[in-house]
Amino acid sequence: IELQIRATRTLRRYACHLKMPKIELQIRAMLENVTNLQASGEDFRWYIKIRCANCGEETKEFVYVSLNVSHPIKGSRGSASLVTKCKLCGRENSLDIIGDSVHAYMAEDNNTFKTMVSFDCRGVEPIDFSPRVGFSAEAVGSGTQFEDIDLSDRDWSEYDEESQQSVGVYSLEHRFVSKKK
């Protein structure tokens with residue numbers, strides 16, 4: 001009987017991992033004379049709202065995940081960028097940034113959705129994204145680097161002295177897309 005209990009627990013754990021997809025955060029924006037829009041550094045904070053896959057409870061405030069932050073998962077040898085306990089059902093859930101999944105949004109991606117980052121979700125799913133400060137971009141003509149771009153208004157503009165033209169990111173939109181692992 002003890003062997004059956006262990007086998008059942010193992011199957012439940014395995015089935016839970018099969019149900020939880022990789023979820024990609026995709027953005028679309030209009031770029032003006034800039035390219036290589038990206039999250040700057042491993043300490044970049046991705047601000048998201050999440051929903052418990054078990055009971056549907058949603059976070060009221062944005063939480064952040066970062067590549068350089070790792071929390072141990074209770075009852076496991078693993079760790080994740082975010083480990084949280086649902087306030088409604090009490091289930092422990094986790095979300096991890098997939099290390100090599102952070103990509104730049106290039107000039108040729110202009111006005112099309114492109115994946116910026118992928119999350120490995122266990123028991124939660126992201127439902128909203130709040131772009132904030134910490135993005136960087138490069139001017140198309142001159143190569144001038146722009147750091148600490150604040151996209152909280154979903155628009156950003158600046159003037160590139162070297163190429164003597166305006167640069168900007170406008171009408172930033174996002175969506176989450178589930179992908180099979």
Side-chain angles (χ1 to χ4, degrees), residues 20-53 56 58-71 80-84 93-160 163 165-181:
M20 290 295 112
K22 175 174 83 167
I23 298 179
E24 298 177 344
L25 169 61
Q26 297 184 339
I27 68 161
R28 175 170 63 186
M30 293 292 297
L31 302 182
E32 177 188 16
N33 301 316
V34 292
T35 190
N36 203 21
L37 175 68
Q38 62 184 322
S40 297
E42 288 191 5
D43 60 341
F44 181 84
R45 293 180 174 186
W46 300 93
Y47 286 88
I48 56 175
K49 285 187 179 181
I50 55 175
R51 176 186 307 133
C52 177
E58 297 177 1
T59 57
K60 293 182 182 3
E61 302 293 326
F62 284 95
V63 295
Y64 75 85
V65 293
S66 180
L67 271 173
N68 71 344
V69 175
S70 185
H71 303 281
S81 302
L82 174 70
V83 177
T84 183
N93 303 310
S94 65
L95 180 142
D96 199 29
I97 298 172
I98 299 172
D100 61 350
S101 72
V102 180
H103 302 289
Y105 194 82
M106 308 300 284
E108 53 269 16
D109 302 319
N110 204 17
N111 207 28
T112 60
F113 278 102
K114 181 182 178 184
T115 299
M116 292 292 287
V117 65
S118 298
F119 303 108
D120 181 22
C121 302
R122 310 286 170 110
V124 293
E125 62 179 320
I127 55 171
D128 198 6
F129 168 61
S130 175
R132 300 189 182 182
V133 73
F135 288 91
S136 64
E138 176 184 331
V140 172
S142 66
T144 302
Q145 293 292 317
F146 295 94
E147 304 291 332
D148 284 331
I149 294 172
D150 185 355
L151 291 173
S152 55
D153 292 331
R154 301 194 181 259
D155 288 320
W156 166 83
S157 61
E158 190 66 59
Y159 187 76
D160 180 15
S163 65
Q165 60 185 0
S166 62
V167 294
V169 178
Y170 307 104
S171 305
L172 181 75
E173 300 174 51
H174 75 276
R175 69 181 182 190
F176 292 101
V177 177
S178 295
K179 297 287 182 179
K180 292 185 180 183
K181 290 184 181 179

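Along the sequence shown, residues are numbered consecutively beginning with 1. What you see is a predicted model; the values in this text were computed from it and never measured. Computation of the quantities below employed the complete heavy-atom set of this structure, encompassing side-chain atoms and omitting hydrogens, waters and symmetry-equivalent molecules.
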Nearest heavy-atom pair of [X] and [Y]: which atoms, and what distance?
{"X": "Pro126", "Y": "Ile50", "value": "CA-CG2, 4.1 Å"}
{"X": "Asp100", "Y": "His103", "value": "O-CE1, 3.9 Å"}
{"X": "His71", "Y": "Ser81", "value": "CD2-O, 3.3 Å"}
{"X": "Val167", "Y": "Ala139", "value": "CG1-CB, 4.4 Å"}
{"X": "Gly99", "Y": "Leu67", "value": "CA-CD2, 4.0 Å"}
{"X": "Cys52", "Y": "Asn93", "value": "SG-ND2, 3.7 Å"}

Please work out which of the three classes, parallel, tilted or perpendicular, describes the rings of Phe135 and Trp46, given edges at 30° and 60°.
-> perpendicular
Report the distance from atom [atom1] of [X] to atom [atom2] of [Y], rounding to the nearest 0.5 Å.
{"X": "Phe119", "Y": "Ser178", "atom1": "CZ", "atom2": "OG", "result": "12.0 Å"}
{"X": "Ile48", "Y": "Leu25", "atom1": "CD1", "atom2": "CG", "result": "8.5 Å"}
{"X": "Leu172", "Y": "Asp153", "atom1": "CG", "atom2": "CG", "result": "11.0 Å"}
{"X": "Ser66", "Y": "Asp43", "atom1": "OG", "atom2": "CG", "result": "6.0 Å"}
{"X": "Ile97", "Y": "Phe44", "atom1": "CD1", "atom2": "CZ", "result": "9.0 Å"}
{"X": "Met116", "Y": "Glu24", "atom1": "CE", "atom2": "CD", "result": "12.5 Å"}

Run the numbers on Val169 and Met30 for side-chain contact (heavy atoms from CB on, under 4.5 Å), then give the verdict.
-> CA-CA 6 Å; Val169 178; Met30 293 292 297; over 6 Å; no
So, Thr35 and Glu138: side-chain donor and acceptor under 3.5 Å apart, yes or no?
-> no
Polar side chain donor-acceptor pair, Tyr170 to Glu32, under 3.5 angstrom |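 Note: Tyr170 and Glu32 side chains meet the donor-acceptor criterion.
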Aromatic ring centroids of Phe176 and His174 under 6.0 Å?
-> yes
CA sep, side-chain torsions, deciding dist, call: Lys179, Ile23, side-chain contact (heavy atoms from CB on, under 4.5 Å) | CA-CA 6 Å; Lys179 297 287 182 179; Ile23 298 179; over 6 Å; no
Quick one: ring-ring contact (aromatic ring centres under 6.0 Å, His included) partners of Phe146, sequence neighbours excluded?
->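 Applying ring-ring contact (aromatic ring centres under 6.0 Å, His included) to Phe146 gives Trp156.
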Using the test ring-ring contact (aromatic ring centres under 6.0 Å, His included), find all partners of Phe113 that sit at least two apart in sequence or belong to another chain.
-> none
Evaluate the side-chain contact (heavy atoms from CB on, under 4.5 Å) criterion for residues Phe129 and Arg175: first the C-alpha distance (whole Å), next the side-chain angles of each, then the deciding distance (0.1 Å), finally the verdict.
-> CA-CA 8 Å; Phe129 168 61; Arg175 69 181 182 190; over 6 Å; no
Lys114 bridged to Asp109 by N-O distance under 4.0 Å |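 Answer for the salt bridge query: yes.
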Heavy atoms, side chains only, cut-off 4.5 Å: are Asn36 and Met106 in contact?
-> yes
